[in-house]
Amino acid sequence: QVHLVESGGGSVQAGGSLRLSCAASGRTFSSYFMGWFRQAPGKEREFVAAISRGGGTTYYADSVKGRFTISRDNAKNTVYLQMNRLKPEDTAVYYCAASTSLSDVRYGNIDRLYWGQGTQVTVSS
């Protein structure tokens with residue numbers, strides 16, 4: 001079992017930056033593949049980014065590639081999402097997720113993931 005708590009959301013103008021953090025507690029953090037998802041009003045939750053257990057491999061949705069960077073610090077039990085050149089369409093609740101299965105994280109197998117409570121990101125034009 002792992003408990004996840006996101007922070008760092010807020011409101012920003014288009015073109016700005018935010019960094020989200022997700023602190024994990026419970027079983028060994030380095031055992032988990034980690035990911036970020038987002039859900040905009042009226043839309044389904046969608047994959048944003050994922051990172052391997054050691055942090056050496058990352059995956060991104062096409063919509064954020066080149067603008068967002070996922071990273072992790074296993075010594076601090078924390079995963080980050082650096083978001084640059086934000087656009088209004090990035091507005092959503094952002095969720096941190098964890099699984100011992102990479103495919104569960106990459107393909108958003110909702111029922112098989114541990115989830116945080118979410119943090120709101122609002123980008124104004």
Side-chain angles (χ1 to χ4, degrees):
Q1 184 106 13
V2 62
H3 182 60
L4 305 172
V5 179
E6 301 98 334
S7 60
S11 297
V12 64
Q13 288 191 328
S17 299
L18 284 173
R19 188 174 84 152
L20 306 183
S21 299
C22 173
S25 60
R27 290 183 57 191
T28 306
F29 178 68
S30 59
S31 299
Y32 291 90
F33 296 94
M34 300 298 297
W36 288 95
F37 292 76
R38 66 187 182 187
Q39 188 166 17
K43 295 188 176 181
E44 293 187 353
R45 194 169 298 191
E46 64 174 1
F47 169 77
V48 174
I51 189 166
S52 61
R53 288 176 291 194
T57 305
T58 55
Y59 310 85
Y60 296 95
D62 288 344
S63 59
V64 306
K65 202 171 293 183
R67 300 188 298 123
F68 290 11
T69 302
I70 187 171
S71 62
R72 67 190 294 164
D73 185 338
N74 285 346
K76 295 183 178 180
N77 286 7
T78 302
V79 62
Y80 304 97
L81 185 68
Q82 177 67 43
M83 306 185 294
N84 298 329
R85 304 201 310 274
L86 283 160
K87 304 176 181 180
E89 51 263 44
D90 294 319
T91 295
V93 177
Y94 283 70
Y95 297 90
C96 175
S99 177
T100 55
S101 165
L102 176 59
S103 62
D104 286 347
V105 175
R106 286 202 66 193
Y107 303 111
N109 293 327
I110 292 177
D111 294 339
R112 296 171 60 87
L113 293 170
Y114 293 103
W115 293 98
Q117 83 288 352
T119 185
Q120 176 71 46
V121 172
T122 302
V123 184
S124 58
S125 57

Say you draw a straight line from CD1 of Ile70 to OG1 of Thr57; how long is it, rounded to the nearest 0.5 Å? 11.5 Å
Please determine whether side chain to side chain contact (heavy atoms under 4.5 Å, CB included) holds for the pair Thr119 and Val93, giving the CA-CA distance in whole Å, both sets of side-chain angles, and the decisive distance to 0.1 Å. CA-CA 5 Å; Thr119 185; Val93 177; 6.0 Å; no
Measure up the Tyr94 and Phe68 rings against each other and bin them: parallel (under 30°), tilted (30 to 60°), perpendicular (over 60°). tilted
Looking only at heavy atoms, what is the nearest atom pair of Ala61 and Phe47, with distance? CB-O, 3.4 Å
Could you tell me whether the side chain of Asn84 and the main chain of Gly66 form a donor-acceptor pair under 3.5 Å? no
Using the ring centroid of each side chain, check whether Phe37 and Tyr95 are separated by less than 6.0 Å. no
Under 3.5 Å: donor-acceptor pair, side chain of Thr91, backbone of Thr122: no
Atom pair CG/CE of Leu113 and Met34 - distance to nearest 0.5 Å: 10.0 Å
Is there a donor-acceptor pair closer than 3.5 Å between any side-chain N or O of Arg38 and the backbone N or O of Ala92? no
Inter-residue atom distance Phe33.CZ - Ile51.CD1, 0.5 Å rounding: 11.0 Å
Side chain to side chain contact (heavy atoms under 4.5 Å, CB included) between Tyr114 and Tyr32, worked out: CA-CA 10 Å; Tyr114 293 103; Tyr32 291 90; 3.9 Å; yes
Donor-acceptor check, side chain of Ser99 to backbone of Ser101, threshold 3.5 angstrom: yes or no? yes
If you apply the rule side-chain hydrogen bond (donor to acceptor under 3.5 Å, both in side chains), what do you find for Asp73 with Thr78, and how did you get there? CA-CA 5 Å; Asp73 185 338; Thr78 302; over 6 Å; no
Ion pair check, Lys87 and Asp90, cut-off under 4.0 Å: no
Non-hydrogen side-chain atoms of Leu18 and Val121 separated by less than 4.5 Å: yes
With side chains defined as the heavy atoms from C-beta onward, is the minimum distance between Asn109 and Asp111 less than 4.5 Å? no
Whether the side chain of Arg72 engages the backbone of Ser52 through a donor-acceptor N/O pair (distance < 3.5 Å, no angle test) should be reported. yes
Side-chain donor or acceptor of Ser31 paired with backbone N/O of Phe29 under 3.5 Å: no
Side chain to side chain, Val79 and Cys96, heavy atoms closer than 4.5 Å: yes
Between Arg53 and Ser30, what is the shortest heavy-atom contact and its length? CB-O, 3.2 Å
Please check: side-chain N/O of Glu6 versus main-chain N/O of Gly118, any donor-acceptor pairing under 3.5 Å? yes
Chi angles and distances behind the side chain to side chain contact (heavy atoms under 4.5 Å, CB included) call for Val105, Tyr59: CA-CA 10 Å; Val105 175; Tyr59 310 85; over 6 Å; no
So which heavy atom on Val2 is nearest to which on Leu4, and how close? CG2-CD2, 3.9 Å
Any side-chain heavy atom of Ser124 within less than 4.5 Å of one from Gln13? yes
Check whether any side-chain N or O of Arg67 sits under 3.5 Å from a backbone N or O of Ser63 as a donor-acceptor pair, and report yes or no. yes
With distance as the sole test, does Trp115 use its side chain to make a donor-acceptor pair with the main-chain N or O of Ile110 at under 3.5 Å? yes
Checking side chain to side chain contact (heavy atoms under 4.5 Å, CB included) for the pair Met83/Val12: CA distance, chi angles, key distance, verdict? CA-CA 11 Å; Met83 306 185 294; Val12 64; over 6 Å; no
